[in-house]
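To start, the structure itself, in structure tokens.
For the numbers below, each heavy atom of this structure counts, side chains included, while hydrogens, waters and symmetry mates do not. We count ligands from 1, going down the list as the structure has it; atoms in each ligand are counted the same way.
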Amino acid sequence: MASGSSGGSERATGLTFTEHIAEQQHRLSPAARGDLTNLLLHIMMAAKIIGRETRKAALVDILGLTGRTNVQGEEVQKLDDYADEIMIRNLRYTGHLCVMASEEHEDVIQIPERYAIGDYALTFDPLDGSSNIDANVSIGTIFSVQRRVSDGPSGTVADVLQRGKNQVCAGYVIYGPSTILVYTTGHGVHGFTLDPSVGEFLLSHPDIRTPEEGKIYSVNEGNASRWDEPTRRLIEAFKSEANYRKKPYTARYIGSLVADFHRNLLYGGIFLYPADSKSPSGKLRLLPEANPLAFVVENAGGLATTGTQRILDVEPRRLHHRVPLIIGSRKDVEFAESFYQT
Ligand code: FDP
């Protein structure tokens, strides 16, 4: 790790994810019943299973397309389906959720009547970056937890259609050279690496602070002809000396949001998926993608904006609401925002 503040000697403390969240609960909310803690353990379990399947996917011939499209009009990979199913099956019976929403489903997912209803709503992208699966590039699961706001016997869409600033917990799991889980409940951002020999996530990145400024810009420049003028000028500024650092940035773009985000979180930098003439509202989804990563980055000292509005303040209008996303180191994001103010 180059420059994030949780490197070197602080790494590999040996504390397991289970111990860590139990200790956090004891320290921060001693009177809590442990529902959120328990929910996180179930998410961790689902992530372990998804991680295992992504690793053996090529071997068991489950790579490739299902041949149909999802509600976003994109091709669905078999592994997307599998990850979606694992998340639902491992979380619906916990008694902690009132409703779920997945990037792969048009409507919310109700908790079956035979299971208890809980105080939280979960939104997730089961397998982000899935167009990279066949090339063995890092992909991930992103999740966001909101407190229930609806009354009645079951949860409703209102429970997930909340502003990002109301999130009680958010994070992601990357399935890469190692499997890494990063989460925040608003009290620091913590990263854990799966030790496959014991099957436990061990605290490897305690209290991640993202550098105030970075050297990296991450954007799909193949879309440049569709960008508006502020975006074109901004990216030119990153590529030249016409930025506040007076030095050109380095380009890094994997095309797997979770992996691009995680790298920039640790090294410092900025990720952009701006609106363009093909996607006038941006491509990325507010609820399962932008909000959880914005909650993580803000808790690590960074920022996330649409260009003109803080991501966590955007009022979701529908489940698959899309937004332009500019996210990363504080000074880089502030510099980017200045291009959209006029
Ligand atoms: P993917 O379509 O492969 O699932 O939100 C989806 C996403 O990937 C992000 O992970 C990624 O950052 C982005 O789309 C890549 O989009 P482009 O291919 O248009 O750059």
Is it the case that ligand 1 has an N or O less than 3.5 angstrom from some N or O of [X]?
X    : value
G129 : yes
D128 : yes
F271 : no
E289 : yes

Scan the side chains in residues 273-280 for donor-acceptor partners under 3.5 Å anywhere in the protein, sequence neighbours excluded, and list what turns up.
from: Y273; atom 1: OH; to: N223; atom 2: ND2; distance (Å): 3.1
from: D276; atom 1: OD1; to: K278; atom 2: N; distance (Å): 2.9
from: D276; atom 1: OD1; to: S279; atom 2: N; distance (Å): 2.6

Counting the benzene-type ring for Trp, do [X] and [Y] have ring centres under 6.0 Å apart?
X    : Y    : answer
F271 : F261 : no
Y93  : H42  : yes
Y172 : Y183 : no

Inset, instruction - Please identify which atoms of ligand 1 are closer than 4.0 Å to at least one heavy atom of Y253. - result: 15 (C), 16 (O), 17 (P), 20 (O)
Legend entry - Numbered atoms of ligand 1 (with element) below 4.0 Å of R285, judged on heavy atoms: 5 (O), 6 (C)
Inset, instruction - Please confirm whether E103 comes under 4.0 Å of ligand 1, counting heavy atoms of the residue only. - result: no
Inset, instruction - Quick one: look at D125 and ligand 1, take heavy-atom pairs under 4.0 Å, and tell me if it's side chain, backbone, both or neither. - result: neither
Inset, instruction - Using a 4.0 Å heavy-atom cut-off, say whether L257 meets ligand 1 through its side chain, its backbone, both or neither. - result: both
Legend entry - Under 3.5 Å side-chain donor-acceptor pair for Y217 and T250: no
Legend entry - Pairs satisfying salt bridge (charged side-chain N to carboxylate O under 4.0 Å, His left out), at least one member in residues 288-309, at least two apart: R285-E289, E298-R310
